[in-house]
Amino acid sequence: VGAFALVVLAEKKGKRFSIKLNTELKAHQREELILRSLGRHPTIARYYGSWSNSSLQAIRMSYIEGTPLLDILMKNPLTEGEAHRLFRQLAIGMQHAHETCRVAHRDLTAENLIISPDRTRLWIIDWGMGIECSEFETHSLACGSPDYAAPEIYQQKPYRGPELDIWSMGVILYGMV
């Protein structure tokens with residue numbers, strides 16, 4: 001459950017999906033655009049479509065069986081090898097987002113990283129604060145989680161987007177080791 005949305009499990013013809021239900025139309029439209037832009041990537045939940053009515057919007061994504069990284073870190077620290085493997089996947093996923101798709105997440109947290117039950121795979125979820133970015137456009141919206149926020153947010157400086165994610169990745173790596 002996030003600030004604007006609820007994620008539920010759905011099953012159709014034996015296949016499981018995550019359905020993100022949202023009451024904020026603009027947030028729904030932004031996330032759908034971002035998910036479409038990201039395409040298929042092994043570290044990003046796959047987008048399958050969306051639908052809406054006058055009061056509720058829904059996005060259908062692949063169901064990811066696993067545990068948020070934060071829950072793992074609170075109970076069972078990662079080994080150095082696990083941290084290395086998982087952080088590498090995070091870096092590859094964010095490189096895809098930033099360089100190939102020109103997308104910034106803006107809310108990378110240990111809660112928004114799902115780890116497989118065997119602790120070998122990582123998926124980046126919740127692109128609801130995501131934006132398309134370019135080297136010529138800056139943004140000023142303060143968003144994301146305060147514990148992971150880049151200095152640009154606190155200093156109220158304009159930003160492009162990827163630098164916020166890179167800062168958050170540093171915070172995540174610190175927590176992993």
Side-chain angles (χ1 to χ4, degrees), residues 1-9 16-18 20 27 30-31 34-35 37-47 59 61-133 139 141-157 159-177:
V1 178
F4 300 109
L6 170 70
V7 178
V8 297
L9 174 64
R16 291 177 159 189
F17 297 94
S18 294
K20 186 170 187 176
R30 181 179 57 240
E31 185 166 13
I34 295 303
L35 289 169
S37 296
L38 290 166
R40 292 180 74 166
H41 192 271
T43 63
I44 298 170
R46 186 171 173 196
Y47 169 78
I59 295 176
M61 298 169 283
S62 56
Y63 170 71
I64 299 170
E65 187 173 341
T67 306
L69 176 61
L70 182 64
D71 292 354
I72 291 171
L73 295 177
M74 298 293 282
K75 295 176 189 167
N76 232 348
L78 298 174
T79 66
E80 186 176 334
E82 288 172 327
H84 178 265
R85 179 172 38 275
L86 295 171
F87 189 78
R88 184 172 188 275
Q89 291 174 51
L90 173 60
I92 289 168
M94 292 314 299
Q95 180 182 26
H96 169 75
H98 294 161
E99 295 180 9
T100 304
C101 306
R102 301 281 184 224
V103 166
H105 189 285
R106 297 196 306 176
D107 193 23
L108 275 180
T109 65
E111 296 93 333
N112 287 336
L113 301 175
I114 302 297
I115 309 302
S116 64
D118 65 1
R119 295 165 66 141
T120 61
R121 296 269 328 269
L122 172 142
W123 291 272
I124 305 162
I125 64 165
D126 195 357
W127 292 83
M129 296 302 291
I131 54 167
E132 291 183 316
C133 48
H139 304 274
L141 178 67
C143 58
S145 301
D147 291 340
Y148 298 84
E152 290 86 348
I153 297 296
Y154 289 109
Q155 296 167 357
Q156 299 178 342
K157 289 184 176 178
Y159 58 84
R160 287 184 36 252
E163 67 272 34
L164 303 186
D165 293 343
I166 292 167
W167 179 274
S168 298
M169 288 170 64
V171 174
I172 291 165
L173 178 60
Y174 181 82
M176 290 171 115
V177 296

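- For Trp167, the CH2 atom sits in a loose shell: 12 or fewer heavy atoms of surrounding residues, nucleotides or ligands are nearer than 6.0 Å.
- Partners of Glu163 under the side-chain hydrogen bond (donor to acceptor under 3.5 Å, both in side chains) rule, at least two apart in sequence or in another chain, do not exist in this structure.
- Annotation: side-chain hydrogen bond (donor to acceptor under 3.5 Å, both in side chains) contacts of His41 (sequence neighbours excluded): Thr43.
- In this structure, the side chains of Met61 and Ile125 stay at 4.5 Å or more apart for every pair of heavy atoms.
- Distance CD1/Ile34 to CD1/Ile131: 7.5 Å, rounded to 0.5 Å.
- Distance alone, capped at 3.5 Å, places no donor-acceptor pair between the Tyr47 side chain and the Ile59 backbone.
- Taking OH of Tyr159 as the reference point, atom NE2 of His139 lies at 7.0 Å (rounded to 0.5 Å).
- In this structure, the side chains of Leu70 and Thr109 stay at 4.5 Å or more apart for every pair of heavy atoms.
- In this structure, Asp165 contributes its side chain and His105 its backbone to a donor-acceptor pair below 3.5 Å.
- For the pair Thr67/Arg119, no side-chain contact is recorded, criterion being any heavy-atom separation below 4.5 Å from C-beta on.
- Counting heavy atoms of neighbouring residues, nucleotides and ligands inside a 6.0 Å radius, atom OH of Tyr154 exceeds 12 of them.
- Taking all atoms of both residues into account, the shortest heavy-atom contact from Leu164 to Ala150 is CD2-CB, 3.6 Å.
- The CD1 atom of Ile92 lies 11.0 Å from the CZ atom of Phe87; values are rounded to the nearest 0.5 Å.
- Looking only at distances, no side-chain donor or acceptor of Arg30 sits under 3.5 Å from a matching main-chain atom of Met129.
- Nearest heavy-atom pair, Asp107 versus Asn112, reported as atom, atom and distance to 0.1 Å: O-ND2, 2.8 Å.
- Put simply, the side chain of Arg121 never gets that close to the backbone of Gly66: no donor and acceptor are under 3.5 Å apart.
- Of the possible polar contacts, one joining the His96 side chain to the Leu38 backbone as a donor-acceptor pair under 3.5 Å is found.
- The shortest heavy-atom contact between Ser168 and Leu108 is CB-O, 3.5 Å.
- The two atoms that bring Cys133 and Ala104 nearest to each other are SG-N, 3.9 Å, heavy atoms only.
- Here the straight-line distance linking atom CG of Leu86 with atom CE of Met176 works out to 4.5 Å at 0.5 Å rounding.
- Side chains of Asp118 and Ser116: a donor-acceptor N/O pair is present below 3.5 angstrom, by distance only.
- Rounding to the nearest 0.5 Å places CD1 of Ile114 at 9.0 Å from CG of Leu69.
- Val171 and Tyr148 make their closest contact through CG1-CD2, 3.6 Å (heavy atoms, listed as atom of the first residue, atom of the second, distance).
- At most 12 heavy atoms of other shown residues, nucleotides or ligands fall within 6.0 angstrom of atom CD in Glu65.
- When each of Gln89, Arg88, Arg85 is checked for a side chain to side chain contact (heavy atoms under 4.5 Å, CB included) with Leu122, only Gln89 meets the rule.
- With rounding to the nearest 0.5 Å, the separation of CE in Met74 from CG in Asn76 is 12.5 Å.
- For the side chain to side chain contact (heavy atoms under 4.5 Å, CB included) test with Leu78, the passing option among Val177, Ile115, Ile72 is Ile72; the others fail.
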